[in-house]
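Below is one structure, written out as structure tokens, with a few remarks after it.
Only heavy atoms go into these numbers, but all of them, side chains included; no hydrogens, no water, no symmetry mates. Just so it is clear, the model here is predicted, and its values are computed rather than measured. Naming: A, B, ... by sequence-line order, numbering from 1 per chain.
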Amino acid sequence: MPELPEVEVLVRHLAPRLVGRTILSINVRRSRVLAPTSIRSLTRTLRGARFAGLRRRAKYLVFNLHSPNRDSEITLVGHLGMTGRMYLLPCDAPLPKHAAVVLDLDRGKFVFEDTRYFGRLTLDVTALEKLGMEPLEAGFTPERLAEAVKRSAQPIKVKLLDQSVVAGVGNIYASEALFRAGISPKIPAQKLKSGQIESLWHSIREVLQEAIERGSRIPLAYSGNGTKDGLFYFGRELEAPDEYEERFRVYDRAGKPCLECGAMIKRLVQAARSTFFCPGCQRSRRSKFG
DNA sequence: CACCATGTTCCTTG
DNA sequence: CCAAGGAACATGGT
């Protein structure tokens, strides 16, 4: 679920439901997800605080709260890791097996669930300081992308996963963007021509923007017993069948024909992650349109 | 049992 | 100091 588009859709969903709510109590069931914040510190800081805002930065959710007791502003940082979810439930709803943190609110409760517990909900803000450009914002230009990448010998696919360069692109959309740009994932970043950089810049934005738009159209599923509030879910069963076909053009399609040229989509491993690409459309020399 | 999984951080090596 | 590679984290699906 969680790359930039999924987090963006989640933030848009949660923000209006969360802002204005007050935290009555904090229930930490897996303290690892708070690290390096302690249970005591989180509990003391959040009790009585009210949600004032929510925004996205890369794949992070940034919650702003106000504490009336201490008259101070609080920043709470969330990350979904690989399997994290955040949603609102009625206060009497049963908790999922892997609920990591539960915040009881003045109306309902906020649940952070994460089967693998790679995610975070913490007062530690340092991760945000290391992040690079927001690909959908004005500061992201072909020139800045070229500058950020021109001294790296790393394969471009690996470079796209580096959150200090372009923040928010993950393993799925890195493969998808390179496919659309007609660029081989194996090319050393510094060897990209300016035309390819421009094409890649455009593809990154296009792929992310389209995913946000698709995610915004998918109805959210709800956990709990028929009570309809808040479980964000990106399951294929919720998507129209015709849309599922178009969701990814190369990701997880190894061995299937390329929708553009019919060649067999291939999988390779880079930096211990799977990369999917079309050997026909993504040559090492030039972009699709020369 | 084997391998795979939408992510990040830490440690080692060069 | 930096770049790059790999293991670790933890659980579940196929």
Side-chain angles (χ1 to χ4, degrees), chain A residues 1-11 29-37 56-61 77-86 96-101 112-122 124-132 135 148-179 185-191 204 207-208 210-212 214-215 218 232-239 244 247-255 266-276:
Chain A
M1 298 210 335
E3 291 185 32
L4 184 155
E6 292 77 25
V7 178
E8 177 65 28
V9 172
L10 175 60
V11 163
R29 312 171 104 239
R30 184 68 74 115
S31 60
R32 149 184 239 289
V33 305
L34 310 183
T37 301
R56 179 191 59 74
R57 171 75 171 105
K59 302 170 194 171
Y60 291 85
L61 299 97
V77 176
H79 194 289
L80 299 173
M82 298 272 268
T83 53
R85 290 173 177 175
M86 294 183 185
K97 180 177 179 186
H98 297 293
V101 179
F112 171 33
E113 167 192 7
D114 188 356
T115 34
R116 290 171 75 180
Y117 302 106
F118 287 176
R120 284 287 181 277
L121 191 64
T122 178
D124 176 41
V125 161
T126 55
L128 299 179
E129 295 158 4
K130 303 167 192 165
L131 295 169
V149 134
K150 72 181 183 191
R151 276 177 223 89
S152 175
Q154 276 186 313
I156 185 60
K157 157 63 161 51
V158 176
K159 206 65 190 164
L160 285 180
L161 296 182
D162 183 342
Q163 299 298 296
S164 70
V165 179
V166 182
V169 175
N171 205 38
I172 293 176
Y173 297 109
S175 283
E176 292 296 313
L178 286 167
F179 171 74
K186 295 183 264 194
I187 295 195
Q190 61 198 353
K191 292 205 172 162
I204 290 169
V207 155
L208 297 177
E210 283 181 17
I212 291 170
R214 181 186 307 104
I218 297 170
F232 177 79
Y233 191 77
F234 244 145
R236 72 177 63 176
E237 64 273 13
L238 291 175
E239 302 179 48
Y244 180 65
R247 184 171 174 187
F248 303 130
R249 299 191 190 170
V250 287
Y251 182 79
D252 205 22
R253 293 195 71 244
K266 289 197 167 177
R267 170 186 182 268
L268 71 131
V269 175
Q270 298 178 292
R273 316 287 310 270
S274 289
T275 299
F276 299 89

Side chain to side chain contact (heavy atoms under 4.5 Å, CB included) between A:Met86 and A:Leu80, worked out: CA-CA 8 Å; A:Met86 294 183 185; A:Leu80 299 173; 3.9 Å; yes
Sugar-phosphate only, base, or nothing, as touched by A:Arg30 at under 4.0 Å among non-hydrogen atoms: sugar-phosphate
Summary of protein contacts for nucleotides 9-14 of chain B, nucleotide by nucleotide, where a base hit scores B, a sugar-phosphate-only hit scores S (4.0 Å, heavy atoms): S-----
Distance-minimising heavy-atom pair for A:Lys59 and A:Gly170: NZ-CA, 3.6 Å
DNA chain C base-pair string [pairs: Watson-Crick or G-U under 3.5 Å; |: paired with another strand]: .||||||||.||||
Touch class at under 4.0 angstrom, heavy-atom based, for A:Thr83 against every strand present: nothing
Presence of A:His79 side-chain N/O under 4.0 Å of B:dG7 phosphate oxygens OP1/OP2: no
Distance in angstrom units between A:Leu61 CG and B:dT8 P, rounded: 12 Å
Earlier contact from the 5' end, DNA chain B, for A:Gln163 and A:Arg116: A:Arg116
Nearest atoms (heavy-atom pairs only) where A:Val9 meets A:Gly215: CG1-O, 3.8 Å
A:Arg29: partners by side chain to side chain donor-acceptor pair (under 3.5 Å), with sequence neighbours left out: none
Closest heavy-atom pair and its distance - A:Ala174, A:Val169: N-CG1, 3.7 Å
A:Asn171 CG - B:dA5 P separation (whole Å): 8 Å
Integer angstrom distance from the P of C:dG12 to that of B:dT9: 24 Å
Cation-pi geometry met for A:Arg32 and A:Tyr117 (6.0 Å, 45°): no
Euclidean distance, atom CZ of residue A:Arg57 to atom C1' of B:dT8 [Å, nearest integer]: 16 Å
Nearest-Å distance for atom pair CG/C1', residues A:Leu80 and B:dG7: 10 Å
Sugar-phosphate only, base, or nothing, as touched by A:Tyr117 at under 4.0 Å among non-hydrogen atoms: sugar-phosphate
Non-neighbouring partners of A:Glu210 that pass side chain to side chain donor-acceptor pair (under 3.5 Å), sequence neighbours left out: A:Arg180
Sugar-phosphate only, base, or nothing, as touched by A:Ala153 at under 4.0 Å among non-hydrogen atoms: sugar-phosphate
Show the distances under 3.5 angstrom between N or O atoms of the protein and N or O atoms of nucleotides 1-3 of chain B.
none

Counterpart residues, ring pair (Phe, Tyr, Trp, His ring centres under 6.0 Å), relative to A:Tyr60 (two or more places apart): A:His79
All side chain to side chain donor-acceptor pair (under 3.5 Å) counterparts of A:Lys150, not counting sequence neighbours: A:Glu147
Under the side-chain contact (heavy atoms from CB on, under 4.5 Å) test, residues paired with A:Thr115 that sit two or more places apart: A:Thr83, A:His98
Protein-nucleotide distance (A:Phe112, atom CZ; B:dG7, atom P), rounded to Å: 14 Å
Integer-rounded Å distance: B:dA5 P and A:Leu161 CG: 13 Å
Position toward the 5' end of DNA chain C (nearest nucleotide), A:Lys97 or A:Arg32: A:Arg32
Step-by-step side chain to side chain contact (heavy atoms under 4.5 Å, CB included) determination, A:Lys157 to A:Leu160: CA-CA 5 Å; A:Lys157 157 63 161 51; A:Leu160 285 180; 5.6 Å; no
For A:Glu8, side-chain contact (heavy atoms from CB on, under 4.5 Å) partners two or more places apart: A:Arg12, A:Arg56, A:Ile212
Partners meeting side-chain contact (heavy atoms from CB on, under 4.5 Å) with A:Phe118 (sequence neighbours left out): A:Met82, A:Arg116
Nearest-Å distance for atom pair CD/P, residues A:Gln270 and B:dA5: 13 Å
Residue list, side-chain contact (heavy atoms from CB on, under 4.5 Å) with A:Thr126, at least two apart or on another chain: A:Asp124, A:Glu129
Boundaries of the DNA chain C segment in contact with chain A, non-hydrogen, under 4.0 Å: C:dA4 to C:dG12
Exercise: identify the closest heavy-atom pair between A:Ala58 and A:Ala167: CB-CB, 3.5 Å
d(OH, A:Tyr173; C1', B:dG7) in whole Å: 15 Å
